[in-house]
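In what follows, chains are A, B, ... by sequence order, proteins preceding strands, each numbered from 1.
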Protein chains: 2
Amino acid sequence: MATMAEVAREAGVSVATVSRLLNQQGTVSPNTAERVYAAIQKLSYEPNLLARNFRKSESRVILILAPNVTNPYYAHILSGIGDAAAGQGYAALIFTTGDDPAREREALEMLKKHRADGAILIASDMGCNWLLEYADRYPIVQCSEYDPEVDIPHVSIDNYQATQESMEYLIALGHRRIAIISAENAYISTSLRVKAYRDTLARHGIAPREDYIAQASRDYSFKSGKWRAKELLGIDPRPTAIFCISDTLALGAITAAKELGLRVPQDVTVVGFDDVEHTTMLHPYITTVAQPCYELGKQSAHLLFARMTQGKEIPRQTLLKHELIVRESSAPPDLLE
Amino acid sequence: MATMAEVAREAGVSVATVSRLLNQQGTVSPNTAERVYAAIQKLSYEPNLLARNFRKSESRVILILAPNVTNPYYAHILSGIGDAAAGQGYAALIFTTGDDPAREREALEMLKKHRADGAILIASDMGCNWLLEYADRYPIVQCSEYDPEVDIPHVSIDNYQATQESMEYLIALGHRRIAIISAENAYISTSLRVKAYRDTLARHGIAPREDYIAQASRDYSFKSGKWRAKELLGIDPRPTAIFCISDTLALGAITAAKELGLRVPQDVTVVGFDDVEHTTMLHPYITTVAQPCYELGKQSAHLLFARMTQGKEIPRQTLLKHELIVRESSAPPDLLE
DNA sequence: TCGTTTACTGTAATCGATTACATCATTCAT
DNA sequence: ATGAATGATGTAATCGATTACAGTAAACGA
């Protein structure tokens with residue numbers, strides 16, 4: 001592999017000139033430029049990024065931490081980040097943490113070691129004390145989940161507002177016995193959704209029943225959604241609607257209903273969250289709150305770049321638009337039951 | 001950020017000693033080691049990977065090219081690669097190509113520029129002449145798809161054998177009018193599956209009907225599967241079974257059947273391929289050929305590492321085990337129809 | 001016309017690690 | 001006891017780019 005020095009020799013100039021030309025720093029006469037380009041061509045020279053990055057003390061890599069890459073919700077965010085990064089000449093290093101804070105921390109060490117210039121944390125639910133230390137020293141932004149107590153810039157949606165809208169929708173349809181399938185995690189999205197669920201019921205004079213509040217596994221697994229839904233549907237009086245905080249859970253709930261011989265939406269309404277995949281794969285198509293996943297990722301990346309170039313003077317919170325998409329899994333409760 | 005020189009000064013030794021200790025090269029007396037470790041602790045020193053990688057002329061990064069990261073099939077492969085890479089102290093740089101050879105090539109330039117030490121190509125269908133040039137000079141392996149004409153090491157499954165088994169299964173069930181939904185791409189998996197479909201029918205004395213062979217979109221989209229299935233199910237005589245070369249297509253076919261008022265599997269059998277997600281989300285659970293996606297990724301990474309350390313003396317082809325998983329979407333044809 | 005700006009180019013230091021080679025003190029084998 | 005092997009450590013070159021600084025020549029302004 002040819003080096004810049006060889007190119008310089010071939011073109012009869014100094015390395016400084018070659019470097020200046022390639023980086024558009026300073027000036028180089030057209031004549032010289034031509035000779036240099038010819039030399040580059042001839043030797044098929046490619047700059048050595050190891051050397052360049054070392055010298056400039058930047059890696060042009062951004063770290064992305066996600067619980068996993070197989071959940072389509074994360075995958076779409078990753079997609080958005082990846083495209084935005086590529087657009088700025090950055091590469092995205094993806095680390096999966098499996099929700100393990102230790103692995104998360106280990107990955108963040110990469111910042112200290114100069115393997116990455118910044119990091120985006122997707123759905124990291126630990127606003128631990130130590131995270132703040134990193135965020136203080138390195139460019140870090142959070143995507144989708146965050147700790148409201150901790151001052152780290154983040155991009156998300158308004159989970160409270162979104163849930164409230166769904167609940168208003170269900171109540172407007174005539175539902176009064178509304179259950180919720182939440183999840184066993186400490187995500188801010190989860191708690192905001194549950195809070196909005198309670199608040200909205202209360203505001204409409206409907207007393208929340210504790211047994212209508214179920215918790216699925218922390219990763220919103222289809223199976224746990226199915227089990228919890230079966231339990232909910234076994235309660236007397238049976239809820240007429242189930243609000244699920246993810247589409248996978250909603251899919252589980254629909255399956256549970258079918259296995260119990262109930263029709264969706266005639267016998268029970270199911271509403272999901274995320275609008276990611278599956279929602280229009282099998283009937284009934286799921287009524288759900290759509291999150292702009294790709295855009296969440298993209299904006300996170302832009303926010304990170306802003307943080308890297310402009311320092312800490314960037315907005316603390318960016319909320320993107322959600323949208324309630326009414327499809328087939330919701331209907332007014334059957335009053336004749 | 002402390003440098004090794006500062007650590008050396010603090011410990012009263014030379015940088016060479018510190019480096020030797022950290023890299024377990026040569027020998028360092030226990031006494032000195034202790035002082036160095038203390039200094040490292042005190043200054044909270046972290047080696048600068050930019051410098052280290054530059055000096056050693058390796059990036060400890062492997063490139064991963066995939067059409068996208070949202071298709072769960074790719075996502076699971078990515079997962080396997082990521083874990084294997086992390087286990088070897090490598091980071092995985094994921095580039096999405098959108099099936100665009102130009103972007104693929106652009107990404108491979110990273111090898112020349114020393115941004116990555118090797119690359120894994122997932123489902124890249126161009127065994128173009130130029131790819132071989134890269135593979136000749138840099139460690140490159142292919143995962144899942146490959147060009148049989150081109151000598152690049154790859155990891156995949158035996159698509160021909162797998163399809164043959166599925167066809168034998170359908171024929172054993174009693175099906176004779178078997179259709180196939182293939183896809184408009186040049187993947188080796190696609191052509192092997194279609195070939196096995198034809199061959200197996202022929203071997204059983206069943207003349208393949210050209211109108212039973214449909215082609216969905218190149219990315220196996222759910223919608224295109226649905227459209228193609230509707231067309232197939234409109235043919236007289238109607239096929240009693242549809243073999244789909246992906247689960248997403250199978251899901252589309254099932255939806256199509258339902259929309260036409262046909263029951264699966266009573267009226268039509270549907271078989272998928274991949275066993276990735278969705279297959280057990282809604283009834284009928286799909287009968288499918290399971291691919292060990294995660295393992296495909298893992299083995300690809302191991303193969304790449306072998307290529308990087310042992311040079312070109314590595315197996316050209318690695319085939320992993322598939323498995324036909326019979327679930328609910330397949331049954332004998334209804335003889336009373 | 002003379003001092004000054006501008007355009008262009010080169011020299012050499014620099015980033016922070018790794019490592020070949022040299023040095024010196026022990027330990028060992030005979 | 002002596003030359004050799006071994007252990008522990010230091011000196012300094014090196015990787016390939018970027019860039020501060022300096023220098024030269026031409027253009028310019030008054």
query: With A:Asp100, which residues qualify under salt bridge (Lys or Arg N to Asp or Glu O under 4.0 Å), at least two apart?
result: none

Chain A contact limits on DNA chain C, taken 5' to 3' with a cut-off of 4.0 angstrom to heavy atoms: C:dA7 to C:dG16

task: Remember a base hit wins even if backbone is also touched, and classify A:Ser19 as base, sugar-phosphate or nothing at under 4.0 Å, heavy atoms.
output: base

- request: Only counting residues at least two apart or in another chain, list the ones meeting side-chain contact (heavy atoms from CB on, under 4.5 Å) with A:Ala38.
  value: none

- prompt: With B:Phe54, which residues qualify under ring pair (Phe, Tyr, Trp, His ring centres under 6.0 Å), at least two apart?
  reply: A:Phe54

task: Tell me which residues in residues 21-45 of chain B put a heavy atom below 4.0 Å from DNA chain C, sorted by number, or none.
output: B:Asn23, B:Tyr45

message: Applying a 4.0 Å non-hydrogen cut-off, can you work out what B:Val18 is touching in the nucleic acid: base, sugar-phosphate, or nothing?
response: nothing

- request: With sequence neighbours excluded, tell me which residues meet salt bridge (Lys or Arg N to Asp or Glu O under 4.0 Å) with A:Glu295.
  value: none

message: Applying salt bridge (charged side-chain N to carboxylate O under 4.0 Å, His left out) to A:Arg316 and A:Asp151, what does each step give before you reach the verdict?
response: CA-CA 7 Å; A:Arg316 201 180 97 83; A:Asp151 189 28; 3.5 Å; yes

query: Are any of the side-chain heavy atoms of B:Ile81 and B:Ile122 separated by less than 4.5 Å?
result: yes

field: Partner of A:His154 under side-chain hydrogen bond (donor to acceptor under 3.5 Å, both in side chains), chosen from A:Gln317, A:Gln142, A:Glu145
entry: A:Gln317

message: Please determine whether a side-chain nitrogen of the Lys or Arg among B:Arg60 and B:Asp117 lies less than 4.0 Å from a carboxylate oxygen of the Asp or Glu.
response: no

Residues that A:Asp99 engages under salt bridge (Lys or Arg N to Asp or Glu O under 4.0 Å), provided they are two or more places apart: A:Arg218

statement: Note: contacts of residues 46-59 of chain B with DNA chain C (heavy atom, under 4.0 Å) are B:Pro47, B:Asn48, B:Ala51, B:Arg52, B:Phe54, B:Arg55

With the criterion being N/O to N/O and under 3.5 Å, what pairs connect the protein with nucleotides 20-27 of chain D, and how long is each?
none

Which atom pairs, one a donor and one an acceptor, fall under 3.5 Å between side chains of residues 300-314 of chain B and the rest of the protein, sequence neighbours left out?
from     : atom 1 : to       : atom 2 : distance (Å)
B:Ser300 : OG     : B:Leu296 : O      : 2.6
B:Thr309 : OG1    : B:Phe305 : O      : 3.0
B:Thr309 : OG1    : B:Ala306 : O      : 3.4
B:Lys312 : NZ     : B:Asp136 : O      : 2.9

field: Qualifying side-chain hydrogen bond (donor to acceptor under 3.5 Å, both in side chains) pairs, either residue in residues 47-56 of chain A, two or more places apart
entry: A:Asn23-A:Arg52

- request: Classify the ring geometry between B:Tyr134 and B:Tyr138 as parallel (under 30°), tilted (30 to 60°) or perpendicular (over 60°).
  value: tilted

statement: Residue pairs meeting ring-ring contact (aromatic ring centres under 6.0 Å, His included), one or both in residues 5-37 of chain A, sequence neighbours left out, come to none

